[in-house]
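What follows is a single structure, written as C-alpha cells, with notes after it.
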Amino acid sequence: MKKDVTMKKTSFVKGAFITTFGIVLAKLLGAFYVIPFHALIGDAGGALFGYAYTVYTFFMAFATAGIPFAISKLVSEYQALGYFQAKLKVFRVGKLLSLVLGLLSFFIVFFFAPILAKFVLGNVEGGNQIEDVIFVIRVIAASLLIVPILGIYRGYFEGHRYMTPPSVSQVIEQIIRILVILCGSYLGVKTFHLPLKSTVGISLFGTFMGAFSGYFYLVLKKKNNHKKFQEKIRPVNEPIVTNQVIFKKIISYALPFIIIDVFKSLYNLVDMFIVVKKLVSIAGYSAAQAEMVYGMLSTWANKFSTIVLVLSTGVIVSLVPNLTESLVKKDEKRIQRTILQTLSILLYFLIPLTLGISFLSTPIWKFFYGDSVYGPSVLGYHIFTSLFISLFTTMIIVLQVLKEYRTVAISLISGFLLKLFLNHNLIFTFYHMEFPPYYGVITASIIGYFVSFLICILKIRSLYQLHFEDVIKSFIDILCGSVLMILLLSGLKLLLPFTIEGRVINFFYILLYGVFGIIIYGIYTYKVGLVDKIFGKRYISNLMRKIGQKK
C-alpha cells in the first residue's frame, strides 16, 4: 500500500516553509486571475464585488480570526502532554464554536444587507443600485457558513504537525474559487447574458465553493488517516478538562488575532461607507466614476498589495517562534537582535518593491486591466498602504508574543480613529489642492497604520531599550539604493517610454524594468555592505557558495 507522504509530521523549519509556500502560492493564484475577471465584469462589477467582499472580510474577522491558531496551539499542547480526551474535546468545542459564529455572522449579514447597502450608497444614483448591493452581500453571506469550520480543521491538522494537508487545502480552495469565478462570470456574460449583479453573484459564490472544496479535502484526509490522530504520545493519568476550560482557552488565544483582523477590516469598511458618497458630494464625481474608483481601491489595486504582504508573511512565520523561544529563555539580547533584524529585512525588501510597483503602475495596470483614467494613479499611490500594513502587522505580532495586549489595543484604536477622522477632511483637502481626491482616502489609511506602527515601536523600545541607530543607517542605505534605482529607471524611461499599448508590450516593460531595477538595487546594497550587515556574512557566503556549486 502506498504511503501518504502528506501525512508525515514536519519539523518547525520544514513546516514553516510548507505553510509559507502554501500561502504564497494561494495568494499568487489570487493575484493573476484578475486579468480575465476584470475584462468580464469591468469597473462597475469590481465595485459590486468590493462591496460584498469588504462586508465578508469584516464578519470573517469575528468568525475565524485566530481561532484556527488557538485550536492548533491547544491540540499541540494536549498532544504533547498525552491528554487524548482533552485533544478531542478541543476539536469538538472548536467545531461547535465555529458553527455558532458562522451562523450568527450569516444571519446578521443576510438580514441586515439592506441597511448595509443603504449605508454604502446613501442617495447616490447613476451607478449600481441598492438592490444590486443587497443581492451580492447576501450571496457572499453563504461563505460564512463553511469558512469557519474549514479553519478548525486546518488548526487541528497543524496542531498535530501535519502541515502539508492544510497548505494543499489552501491551494485547492483558491483553484476552485478561481475556476468558479472565471467560468461563472464568462458564462454569465457571454453565454446567458445575465445582468451584472447576477454575474458578480456567481463569482462571489466561488468563495463558498472554494472553501467547501478545501473543507471536503481535509474531512477525507482526516477520515482516511484517523489512526494517526488517535495515537497517544505517552501513557498518563489524564485529568478531566472541561468544555468550559477549553472554551475559555480558545477565546483567550484567539482574541488578540480577532481584534487585529477586526480593526484592519474596519479600515476597508469605513472606505466602503464613505468613498462613493464623498467623491460625489465633495469632488463632483458621477456615481459611475466614484464607484469605478472604489472598485479600484477595494478590488483591482488591492490585488497588488498581496504581493507586498506575502513577503512579510514569510518573515512573520520565522519571527514568532524565534521570539517566543527568546522570551521563554529570557534572552533580552536575542530579543533585541531579532526585532531589529526583522525590521531591517522588511525594509530591505519592501521599500524597493513598493517604489518599483509605484513607478511601473502604468504598464502594470495596462497589462492587467487595460487603459484607465484613474487606474495607474490609484495603484501608484495605493501600493504604499501595503508597506505600512506590513510594518504595522509585524510589530503588532511582536507585541502579542511579548503579551503587551494593552499596547496592541491602544495602537489599533488610535490608528483607526485617525483614519475615521481624516477620511472626509483629506478628501476635501486633496480636492481643493487639485490633487486626486481619492488620495485623501489612501493617505488617511497610511497615517493610521503609521501611527499604530509608531506606538508599537516606542513601546518595544521602552521595554527592551532598543537602539535603532543600525536600523536607521540601514534604512538610509536602503532608501539611497531605492532612489538610485528609480532615477536610473527614469533615465531608461526617457529612451523607452510607456507609450505603446497592448498587453504583450506592457509585460515586456514590466519584465525589463523589473530586472534592471533588481540588478541596480542588488549591486548597490551589496557594494555598500548592506547585504552582509542585514543577513550576515556567513549566510551570504554559504548562499554564494551554493550558487557557485550549481553553476
Side-chain angles (χ1 to χ4, degrees), residues 30 48-71 91-121 128 130-156 169-170 172-174 176-177 180-181 184 197-219 247 250-251 254-255 257-270 272-273 298-299:
L48 261 185
F49 193 91
Y51 294 145
Y53 221 79
T54 299
V55 172
Y56 165 72
T57 52
F58 177 74
F59 282 92
M60 277 301 299
F62 282 108
T64 64
I67 294 178
F69 167 79
I71 298 298
F91 188 48
R92 287 196 293 266
V93 171
K95 286 197 293 185
L96 180 61
L97 182 60
S98 72
L99 178 65
V100 172
L101 290 174
L103 281 170
L104 182 62
S105 299
F106 168 78
F107 284 121
I108 291 172
V109 172
F110 191 88
F111 290 108
F112 285 88
I115 296 172
L116 292 169
K118 185 66 177 175
F119 268 120
V120 170
L121 293 181
N128 288 302
I130 287 180
E131 292 75 18
D132 300 341
V133 180
I134 294 170
F135 175 76
V136 295
I137 289 175
R138 283 178 167 167
V139 170
I140 198 72
S143 302
L144 294 166
L145 296 172
I146 189 67
V147 176
I149 189 68
L150 170 61
I152 300 301
Y153 271 84
R154 283 177 178 158
Y156 192 64
S169 76
Q170 286 188 4
I172 290 172
E173 179 187 3
Q174 194 70 293
I176 298 300
R177 175 175 171 264
V180 174
I181 286 174
K197 73 170 185 179
S198 300
T199 301
V200 173
I202 294 170
S203 304
L204 289 165
F205 190 66
T207 304
F208 175 87
M209 291 303 299
F212 182 79
S213 301
Y215 165 72
F216 186 67
Y217 167 79
L218 289 180
V219 168
F247 176 78
I250 291 174
I251 296 300
L255 192 59
F257 291 93
I258 292 172
I259 292 170
I260 289 173
D261 273 24
V262 165
F263 272 92
K264 286 168 71 175
S265 299
L266 278 173
Y267 277 67
N268 297 327
L269 205 64
V270 166
M272 185 180 77
F273 290 145
S298 64
T299 305

Inter-residue atom distance [X].[atom1] - [Y].[atom2], 0.5 Å rounding:
X      : Y      : atom1 : atom2 : value
Thr54  : Leu116 : OG1   : CG    : 11.0 Å
Leu48  : Leu204 : CG    : CG    : 8.5 Å
Asp132 : Ser198 : CG    : OG    : 8.5 Å
Leu103 : Ile108 : CG    : CD1   : 11.0 Å
Met60  : Ile258 : CE    : CD1   : 11.0 Å
Leu269 : Phe119 : CG    : CZ    : 10.0 Å

Can you confirm whether [X] sits close enough to [Y] that some side-chain heavy atom of one is under 4.5 Å from a side-chain heavy atom of the other?
X      : Y      : answer
Ile146 : Ile149 : yes
Arg138 : Val109 : no
Ile152 : Phe91  : yes
Ile172 : Ile176 : yes
Val120 : Phe273 : yes
Tyr51  : Leu121 : yes
Leu150 : Glu173 : yes

Donor-acceptor contact present, side-chain Ser105 to main-chain Gly102, <3.5 Å =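 Flag not set: sc Ser105 to bb Gly102 has no pair under 3.5 Å.
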
Taking the inter-plane angle between the rings of Tyr215 and Tyr153 on a 0 to 90° scale, is it parallel (under 30°), tilted (30 to 60°) or perpendicular (over 60°)?
->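 Taking Tyr153 first and then Tyr215, their aromatic rings stand perpendicular (interplane angle over 60°).
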
Residue pair Ile137, Phe112: steps toward the side-chain contact (heavy atoms from CB on, under 4.5 Å) verdict | CA-CA 9 Å; Ile137 289 175; Phe112 285 88; over 6 Å; no

Would you please indicate if the ring centroids of Phe205 and Phe208 are separated by under 6.0 Å?
->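 Here the rings of Phe208 and Phe205 have centres that are less than 6.0 Å from each other.
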
Decide if the gap between the ring center of Phe110 and the ring center of Phe107 is smaller than 6.0 angstrom.
->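 No, they do not, as the ring centres are separated by 6.0 Å or more.
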
Show your working on ring pair (Phe, Tyr, Trp, His ring centres under 6.0 Å) between Tyr53 and Tyr56 and close with a plain yes or no.
-> CA-CA 5 Å; Tyr53 221 79; Tyr56 165 72; 5.2 Å; yes

Given Arg154 and Ser169, is the side-chain contact (heavy atoms from CB on, under 4.5 Å) satisfied, shown in steps?
-> CA-CA 8 Å; Arg154 283 177 178 158; Ser169 76; 2.9 Å; yes

Mind listing the closest non-hydrogen atom pair of [X] and [Y] along with its distance?
X      : Y      : answer
Ile202 : Gly184 : CG2-CA, 3.5 Å
Pro148 : Leu144 : CD-O, 3.2 Å
Ser298 : Gly50  : OG-CA, 3.5 Å
Phe106 : Ala141 : CD1-O, 3.2 Å
Val147 : Ala211 : CG2-CB, 3.6 Å

Go through the steps to decide whether Val55 and Met272 satisfy the test side-chain contact (heavy atoms from CB on, under 4.5 Å), and finish with yes or no.
-> CA-CA 9 Å; Val55 172; Met272 185 180 77; 3.6 Å; yes

What pairs of donor and acceptor atoms, side-chain ones from residues 92-100 against any protein atom, are under 3.5 angstrom apart with sequence neighbours left out?
| residue | atom | partner | partner atom | Å |
| --- | --- | --- | --- | --- |
| Ser98 | OG | Gly94 | O | 3.4 |
| Ser98 | OG | Lys95 | O | 2.8 |

Would you please test Ile67 and Leu101 for side-chain contact (heavy atoms from CB on, under 4.5 Å) and show each step?
-> CA-CA 11 Å; Ile67 294 178; Leu101 290 174; 3.5 Å; yes

